[in-house]
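Right, one structure below, let's go through it.
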There are 2 protein chains.
Amino acid sequence: MGTQFDAGSAIGGVLYKDVKHAILAALAAGEWKAGEVIPSERKLTDRFGVSIGTLRKAIDELVAENIMIRHQGRGTFVATHRQEDHFFRFFRIVRQDGHREYPRVRLARFRRAKADQEEATALAIAVGDPVFRFTNVLSLEGKPVMIDAITVPEARFKSLTEKQLRERPNTLYNFYQDIFGINVIRIEEHLRSALANEDDHTLLGVPVGSPLLKILRIASSFHDERIEYRVSRLDTTCHEFALSQP
Amino acid sequence: MGTQFDAGSAIGGVLYKDVKHAILAALAAGEWKAGEVIPSERKLTDRFGVSIGTLRKAIDELVAENIMIRHQGRGTFVATHRQEDHFFRFFRIVRQDGHREYPRVRLARFRRAKADQEEATALAIAVGDPVFRFTNVLSLEGKPVMIDAITVPEARFKSLTEKQLRERPNTLYNFYQDIFGINVIRIEEHLRSALANEDDHTLLGVPVGSPLLKILRIASSFHDERIEYRVSRLDTTCHEFALSQP
DNA sequence: TTACATTTGTTCGTATGTATA
DNA sequence: TTATACATACGAACAAATGTA
């Protein structure tokens with residue numbers, strides 16, 4: 001049974017917000033998957049019993065939040081990380097002259113573990129809960145520039161194997177979508193400066209003690225569900241973290 | 001004479017975009033200043049000869065771009081940096097436990113100079129063009145944590161004096177608005193890691209060679225007019241640069 | 001406190017334009 | 001060409017917030 005919706009039982013008092021949340025709920029329930037088209041505006045107005053204007057306002061917000069994409073003449077689609085724009089929305093590392101490039105990714109480590117305090121806080125789970133830890137080394141122009149130490153909760157990534165990670169054809173977040181039905185729609189990042197240690201020296205080839213940009217990232221899905229905790233270390237000799245507001 | 005607008009002579013073919021740009025033009029022409037209320041929707045529909053829906057869609061975009069703020073029952077206002085939210089939109093330094101706080105600012109240096117290559121590129125002016133350079137030291141919880149080396153083009157800040165900067169009651173961007181009629185609506189930032197030098201040691205009290213977060217910022221106004229170039233150096237021992245997307 | 005005018009916010013619905021398959 | 005889908009434009013009616021008399 002699809003998600004039913006009764007405008008009369010609206011809680012918020014603001015109809016388009018209720019419609020938005022109903023769509024979000026259907027999305028979280030897996031009714032439509034990433035990359036798929038959702039029903040037409042006409043069908044959705046029938047389903048939710050609202051006017052076209054109200055429905056559009058609801059979807060307007062979902063589009064503004066990068067959860068959906070509209071294409072005139074084709075339909076409205078659930079956002080995917082396959083799209084180039086979407087990838088560079090979360091991957092903000094550029095060459096200092098502004099050049100953008102897809103990184104080459106090498107899986108350096110993979111293991112099951114129990115969440116430490118830092119991971120538990122970031123992922124909103126308990127200390128000791130099972131997690132997967134893996135490390136990627138990212139290269140630009142053939143040179144390693146960043147180490148990603150990634151932690152994901154086992155509860156949400158049950159069947160994850162090293163082989164899958166090594167052989168995934170697309171981006172990591174696209175992989176989360178395709179295999180686990182997980183949509184990363186929001187990230188929070190905290191940036192600090194740090195000195196390179198032995199590990200950085202080994203993986204990036206930088207001297208111990210050279211300055212690195214440290215990026216702590218928490219990735220979330222709908223309803224602020226914590227999906228991934230990531231600590232990155234970037235060699236900023238030739239590259240940097242680029243940011244634009246708004 | 002106020003900006004006239006003739007829907008019949010619309011260029012873009014999309015009416016609400018024309019209305020938006022007409023409003024933006026009136027704004028840039030100084031018809032309404034920061035913090036002021038603009039005419040009611042009814043008056044603007046009369047002026048531009050469009051329907052309420054079209055006008056609202058135009059203003060929707062201006063609000064989404066943080067150029068205007070709507071208040072139900074009061075009116076629509078030109079955005080100001082006085083508002084707390086607005087300040088923390090551009091000031092992203094927080095304590096590592098998430099605590100936010102207004103910084104105390106001390107003007108450490110001020111002088112007229114000629115733009116070097118880096119400043120010229122950032123501000124889209126010619127090398128050698130006159131600029132003002134000044135340095136602020138920002139403190140949080142009474143401890144200096146960041147140095148801001150700021151460059152602004154003299155052409156846009158004719159009468160700027162050290163005294164004004166030292167005595168400004170509000171935030172810097174608010175000062176730009178009040179005294180020079182300049183609205184900062186967009187910033188672009190690039191983050192790198194660097195090692196502390198003698199100057200950092202003197203102003204921040206950190207050891208030479210300790211890691212600092214280096215932030216290069218270009219602030220722009222309407223039509224991408226470059227307003228300010230700023231190179232910041234942050235001690236990330238207890239603080240960090242926080243970022244949320246979307 | 002109350003009543004009222006003003007302003008933005010929400011919801012409705014229709015008509016027409018434009019892009020796509 | 002045709003059907004479908006989203007985009008734009010219009011405007012009416014009512015709700016909610018605000019400031020003032």
Side-chain angles (χ1 to χ4, degrees), chain A residues 5-23 26-27 32 35-80 83 85, chain B residues 5-23 26-27 32 35-80 83 85:
Chain A
F5 183 86
D6 176 10
S9 71
I11 307 163
V14 184
L15 197 46
Y16 79 88
K17 289 276 185 192
D18 293 334
V19 173
K20 177 188 171 188
H21 289 130
I23 294 173
L27 216 49
W32 313 302
E36 288 180 4
V37 65
I38 69 169
S40 71
E41 296 180 340
R42 174 63 212 282
K43 283 178 188 136
L44 289 175
T45 58
D46 285 354
R47 169 165 167 177
F48 296 127
V50 299
S51 73
I52 178 70
T54 301
L55 180 86
R56 281 188 65 81
K57 188 153 183 173
I59 297 183
D60 279 347
E61 293 203 350
L62 294 170
V63 170
E65 291 166 26
N66 293 298
I67 293 171
M68 294 199 173
I69 298 177
R70 282 199 272 229
H71 291 290
Q72 186 174 357
R74 294 208 285 141
T76 302
F77 299 77
V78 183
T80 302
Q83 299 130 28
D85 289 354
Chain B
F5 183 86
D6 176 10
S9 72
I11 306 162
V14 184
L15 195 48
Y16 80 87
K17 289 277 186 190
D18 293 334
V19 173
K20 177 187 169 187
H21 290 129
I23 294 174
L27 216 47
W32 313 303
E36 287 180 6
V37 64
I38 69 169
S40 72
E41 296 179 343
R42 172 62 211 282
K43 283 179 189 136
L44 289 175
T45 58
D46 286 352
R47 168 165 169 177
F48 296 127
V50 298
S51 73
I52 178 71
T54 301
L55 179 86
R56 282 189 63 83
K57 185 151 185 173
I59 297 183
D60 278 347
E61 293 203 350
L62 294 170
V63 170
E65 292 166 25
N66 293 298
I67 293 170
M68 294 201 173
I69 298 177
R70 283 200 271 232
H71 291 289
Q72 187 173 355
R74 293 209 282 141
T76 303
F77 299 77
V78 183
T80 301
Q83 299 130 29
D85 289 354

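Numbers restart at 1 for each chain; the letters A, B, ... are given by sequence-line order, proteins then strands.
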For [N], does either OP1 or OP2 sit under 4.0 Å from a side-chain N or O belonging to [X]?
X     : N      : value
A:R56 : D:dA7  : yes
B:R70 : C:dG9  : yes
B:T54 : D:dC10 : yes
A:K57 : C:dT10 : yes

- Query: Which sits closer to the 5' end of DNA chain C, A:G73 or A:K17, going by the nucleotide each is nearest to?
  - Reply: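 Its nearest nucleotide being more 5', the pick is A:K17.
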Tell me: [atom1] of [X] to [atom2] of [N], nearest whole Å?
X     : N      : atom1 : atom2 : answer
A:K20 : C:dT10 : NZ    : P     : 12 Å
A:I59 : D:dA5  : CD1   : P     : 13 Å
B:L62 : C:dT8  : CG    : C1'   : 15 Å
B:E41 : C:dT10 : CD    : C1'   : 12 Å
B:I38 : C:dT8  : CD1   : C1'   : 11 Å
B:L44 : C:dT7  : CG    : P     : 11 Å

- Message: To the closest 0.5 Å, what do you measure between NZ (B:K20) and OG1 (B:T54)?
- Response: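 B:K20 atom NZ to B:T54 atom OG1 measures 14.5 Å (nearest 0.5 Å).
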- Message: Using only modelled atom types and a 3.5 angstrom limit, is any donor from either the side chain of B:Q72 or the base of D:dA16 paired with an acceptor on the other?
- Response: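 Yes, the side chain and the base share a sub-3.5 Å donor-acceptor pair.
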- Identify which nucleotide among D:dA7, D:dA5, D:dG11 has an atom closest to any side-chain atom of A:K43, counting heavy atoms from C-beta outward.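 Among the listed nucleotides, the one closest to the side chain of A:K43 is D:dA5.
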